[in-house]
Amino acid sequence: MRNISSSGLCFLMYLILLCSCFQISFAVDTLTPTQLIKDGETLVSAKERFEFGFFSPGSSKNRYLGIWYKQLQPRTVVWVANRDNPLINSTGLLKISYEGNLILVNETESILWSSNISKVDRPVVQLLDTGNLVIREEADYDPRDYLYQSFDHPTDTLLPGMKFGWDLRKGENIFLTSWKNAEDPSPGEYSFNIDPHGFPQIFLYKGLVPIYRSGSWNGVQFSGVSGMTQSYTFNFRFVSNQDEIFYSYTLKNESIYSRAVMNYSGVVERYTWLDTDQKWNLYWYVPRDQCDTYMECGVYGICDMNALPFCKCLNGYVPKDPQNWYLNDGSSGCLKDIGYECKKNDGFLKYTKMKIPDTSQAFVNINMTLKECEDKCRSNCSCKAFASHQITNGGTGCVIWVDNFKDLRQFPQGGQDLFVRVGASQVENDAKEKRREMMLATLVVISTCILIGASVYFIWKKNILKFVPKRPTEETVHREKIQEAPPFDAVKQTTRSYSNEKKSDIELLQLDFHTLTTATQNFSDVNKLGEGGFGSVYKGTLEDGQEIAVKRLSMTSGQGCVEFKNEAVLIAKLQHRNLVRLLGCCIQENEKVGYMAPEYAMDGHFSIKSDVFSFGVLVLEIISGKKNRGFYHSSEQLNLLGYAWRLWRGGRGLELTDETMEDTCTPIEILRCIQVGLLCVQERAEDRPTMSSAVLMLSSDLAMLPQPKQPGFCLVSNTPSEKGSSSSKHESCSVNELTVTMVEPR
Ligand SMILES: *[C@@H]1O[C@H](CO)[C@@H](O)[C@H](O)[C@H]1NC(C)=O
Ligand SMILES: *[C@@H]1O[C@H](CO)[C@@H](O)[C@H](O)[C@H]1NC(C)=O
Ligand SMILES: *[C@@H]1O[C@H](CO)[C@@H](O)[C@H](O)[C@H]1NC(C)=O
Ligand SMILES: *[C@@H]1O[C@H](CO)[C@@H](O)[C@H](O)[C@H]1NC(C)=O
Ligand SMILES: *[C@@H]1O[C@H](CO)[C@@H](O)[C@H](O)[C@H]1NC(C)=O
Ligand SMILES: *[C@@H]1O[C@H](CO)[C@@H](O)[C@H](O)[C@H]1NC(C)=O
Ligand SMILES: *[C@@H]1O[C@H](CO)[C@@H](O)[C@H](O)[C@H]1NC(C)=O
């Protein structure tokens, strides 16, 4: 008995379960011509992934017909039928009209929305588990025969499996348009759209203005979208042939929810649903950074987020508006460099990891090899660059740019190779990094040699030192009492820092005056090595036996205390095999003693700013291949500095360049050198950069250079000057004469 009653209970339970199952599955996914849907009723897809019915977005009272995820809260709408024709209350009706159209009507039977298809005999409306609402013939399940599908008329959301792009046979374009805002699904100002011209690519438009470009499909990904290649979640697909051009994606695990949406905020977003957290996760989005902005660097400019300024010009091109360019507004783009003429033996410079330029007007051949592509490009002077059409299989096909070379960017990884036409001479040289480093090294070596090597050379020859560089500007003489220097041994242990970050960071060994007196036998004449303009140099021996050279500045030396310290710090920083090392210095009362290591002593006046001036002149001399002094610009009566300054102000800085420079350096590098040079020779010493920042400016792309002011002494000295004091002008020029002469001993 007991057994029977328990099995009866089971049967009852089974019935209840069956009933409840039946009720759940009672929700239907199809609508036939005899049925209609009122506000409050819905269609639900077979696996209950999507639901189709009436809804109000946000706090709006308007009623819209749409599709959303059945299971997910809060409601996420993926499609809206009557997006710009809402119902004002819940009196809407959805039905199939007698000619087979799906129509939305209000109380007065006015049609607010229609599927707008031609006559069908036995139509059925069905909501599929993909989120696609289709109208088909009753017995025909073939997707190719669908009479209507919501996937062909997306609003702001791209679902997996949806084709996004062009049906060229019908001339129809499927694209996304944002909502106006979270409460109004009517078309907003942003759209995401495939441009079928040239080599197809996707654009994000604000109104009619493109604000982002995906780049074209290179076989693996869109060339401007990094991170598409190695997806464990998605399969991406791009098809381009005579019939259609479309992009679509599917999920590797089809039970995962994912959507891409043209957000009303102007961002294209891809979300995936996190089951564990029960929320949407922002998986990917564009535009992502400044370089994603369409034409951020104008024509012939490359945007690189890892550089400052972000924009650089292609090799052979120069900024159209250098001023704004270095203020990080590159939108004016670049111009072809003067003097470049197309030749049959032109070469191509390879840029890697590129988002290739806008291809909407590019020439495309999918059958050419890269070599054929190169030959085709070289043979026609209109051709500016070429690249592979697809990067798979080592690169196939050919894309050629004739003009409209715009919206390039360089990625830290990903992207593809781009070959840009340059003069034959430019190709012969090595990578441009190498060239710049070489040039920089040359500048630094030459200038340090000039400043110091020469004096070492003279001392070595045991000649009396006569080398006294004159200073380009008068400097105020001021002497201060310096605090008692710590005893030698105490300071000797302190770590010597050679970092060139900040002047104050550099510790200089300060020595006891007494120590030096002892070492040099009270500065005896026997120990005297030579004499400079600002003091004598003595040989000495420390208690520990180390041989040293000591320079004792004459008390009448015009050098101020601050300058003295600067100089000491500067020399301490200079490390070069041609230089003796500065071990320490001594500042006591009015005694200043520029203390140095072993065999050779050095001299040379080392105020930071005056040497910066000389350095600047030297830089300009190297760039122009002309001496400042010997240079005489006939019509203007300008010396080199004045001439350089005038060209620079006129935006014609490159005209200064010596021919031999043009082959080794890019115009950008040359312009940078000229600018640094001009900064160094500014009239006011305070305006000039320090030596270390000048070097930094030359070596680093990061440095944002200030605009130079008028250089000191830009007229030739024999020119009658209005403000007199031409003698000091002459003096400044003599500095340069001297520096140039000093190269020769090396
Ligand atoms: C819906 O709005 C119309 C037009 O304002 C009105 O005539 C009708 O009574 C409303 N119906 C309901 C059920 O509120
Ligand atoms: C029905 O829609 C039409 C057209 O939009 C409109 O003129 C009419 O007032 C609406 N009627 C109701 C009752 O909402
Ligand atoms: C309906 O289709 C016809 C032609 O097929 C077209 O001219 C018309 O603009 C369409 N109407 C709507 C509302 O889409
Ligand atoms: C697919 O995703 C579902 C839901 O996240 C998960 O339960 C299932 O294990 C996944 N299947 C595979 C093959 O990864
Ligand atoms: C659009 O972006 C906002 C945040 O900017 C977000 O709250 C909203 O959910 C997004 N819309 C869609 C449809 O994902
Ligand atoms: C490329 O080659 C294919 C097959 O070899 C051919 O059908 C096609 O017309 C060619 N396309 C072009 C642009 O030459
Ligand atoms: C070079 O290319 C341009 C643009 O495609 C074209 O108009 C011109 O005819 C070509 N010239 C030669 C010599 O092929």
Side-chain angles (χ1 to χ4, degrees), residues 38-40 54-64 66-69 72-80 83 85-93 104-110 112 131 154-159 176-192 197-199 204 206 257-274 277-288 342-344 346 359-365 368 372-386 398-405 421:
K38 289 195 243 142
D39 197 328
F54 293 89
F55 75 98
S56 293
S59 56
S60 165
K61 294 252 163 24
N62 285 338
R63 300 299 284 172
Y64 293 91
I67 299 173
W68 58 89
Y69 294 94
L72 310 186
Q73 291 297 331
R75 174 158 52 208
T76 308
V77 175
V78 296
W79 184 72
V80 184
R83 64 186 304 187
N85 214 356
L87 291 145
I88 52 166
N89 58 25
S90 29
T91 54
L93 281 179
L104 172 66
V105 295
N106 65 10
E107 261 181 325
T108 51
E109 295 284 312
S110 302
L112 298 184
T155 49
D156 67 339
T157 304
L158 191 69
L159 289 172
L176 306 181
T177 317
S178 71
W179 288 19
K180 269 221 168 63
N181 55 54
E183 320 227 307
D184 184 357
S186 64
E189 54 184 348
Y190 296 99
S191 60
F192 200 50
H197 299 101
F199 187 8
L204 166 58
K206 181 176 185 176
Y257 290 111
S258 177
R259 65 196 167 99
V261 56
M262 179 65 256
N263 198 304
Y264 47 83
S265 62
V267 180
V268 182
E269 301 167 330
R270 183 189 290 287
Y271 288 94
T272 49
W273 180 262
L274 300 182
D277 298 10
Q278 288 291 302
K279 64 165 189 158
W280 287 108
N281 175 46
L282 183 58
Y283 179 91
W284 174 91
Y285 65 92
V286 284
R288 194 169 274 267
C342 169
K343 296 195 188 71
K344 285 279 176 264
D346 275 349
T359 49
S360 53
Q361 293 174 49
F363 161 89
V364 177
N365 183 312
M368 275 183 173
E372 288 165 345
C373 196
E374 176 176 341
D375 291 344
K376 184 175 170 68
C377 187
R378 185 178 286 119
S379 68
N380 189 333
C381 277
S382 318
C383 176
K384 301 282 186 350
F386 68 92
C398 176
V399 186
I400 280 177
W401 288 265
V402 168
D403 224 323
N404 286 295
F405 212 64
R421 184 189 209 105

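Residues take their numbers from the sequence shown, with the count starting at 1. For clarity, every value in this text was computed on a predicted model and none was experimentally measured. In each ligand, atom 1 is the first atom listed, and ligand 1 is the first ligand listed.
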* Asked: At a 4.0 angstrom heavy-atom cut-off, what protein residues surround ligand 1?
  -> Ile88, Asn89, Thr91, Glu107

* Asked: With no hydrogens and no angle check, do the side chains of Arg63 and Ser56 hold a donor and an acceptor under 3.5 Å apart?
  ->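 Ser56 and Arg63 do have a side-chain donor-acceptor pair below 3.5 Å.
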
* To do: State the atoms of ligand 5, each with its element, that fall below the 4.0 Å cut-off from a heavy-atom position in Asn263.
  =>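 Once the distances to Asn263 are compared, the set is 1 (C), 2 (O), 3 (C), 8 (C), 10 (C), 11 (N), 12 (C), 14 (O).
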
* **Atoms in ligand 5 with a heavy atom of Val261 nearer than 4.0 Å** => 13 (C), 14 (O)

* Structure fact -> Under 4.0 Å between heavy atoms, the region of Met262 that gets near ligand 5 turns out to be neither

Partners meeting salt bridge (Lys or Arg N to Asp or Glu O under 4.0 Å) with [X] (sequence neighbours left out):
X      : value
Asp184 : none
Glu109 : Lys95
Arg378 : Glu374, Asp375

* Asked: Using 30° and 60° as the class limits, which term best fits the ring planes of Phe55 and Tyr64: parallel, tilted or perpendicular?
  ->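 Answer is tilted, since the angle falls between 30° and 60°.
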
* With a cut-off of under 6.0 Å to the ring centre and 45° to the axis, is Arg288 in cation-pi contact with Tyr285? ->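 Yes, a cation-pi geometry holds between Arg288 and Tyr285.
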
* Go through Ser191 and Met262 one step at a time and tell me if the side-chain contact (heavy atoms from CB on, under 4.5 Å) criterion holds. => CA-CA 7 Å; Ser191 60; Met262 179 65 256; 5.7 Å; no

* Structure fact -> If we number the atoms of ligand 7 from 1 as shown, the ones under 4.0 Å from a heavy atom of Asn380 are 1 (C), 2 (O), 3 (C), 8 (C), 10 (C), 11 (N), 12 (C), 14 (O)

* Asked: Tyr271 near ligand 5, heavy-atom distance under 4.0 Å?
  -> yes

* **Heavy-atom check, side chain of Val77 versus side chain of Pro57, under 4.5 Å** => no

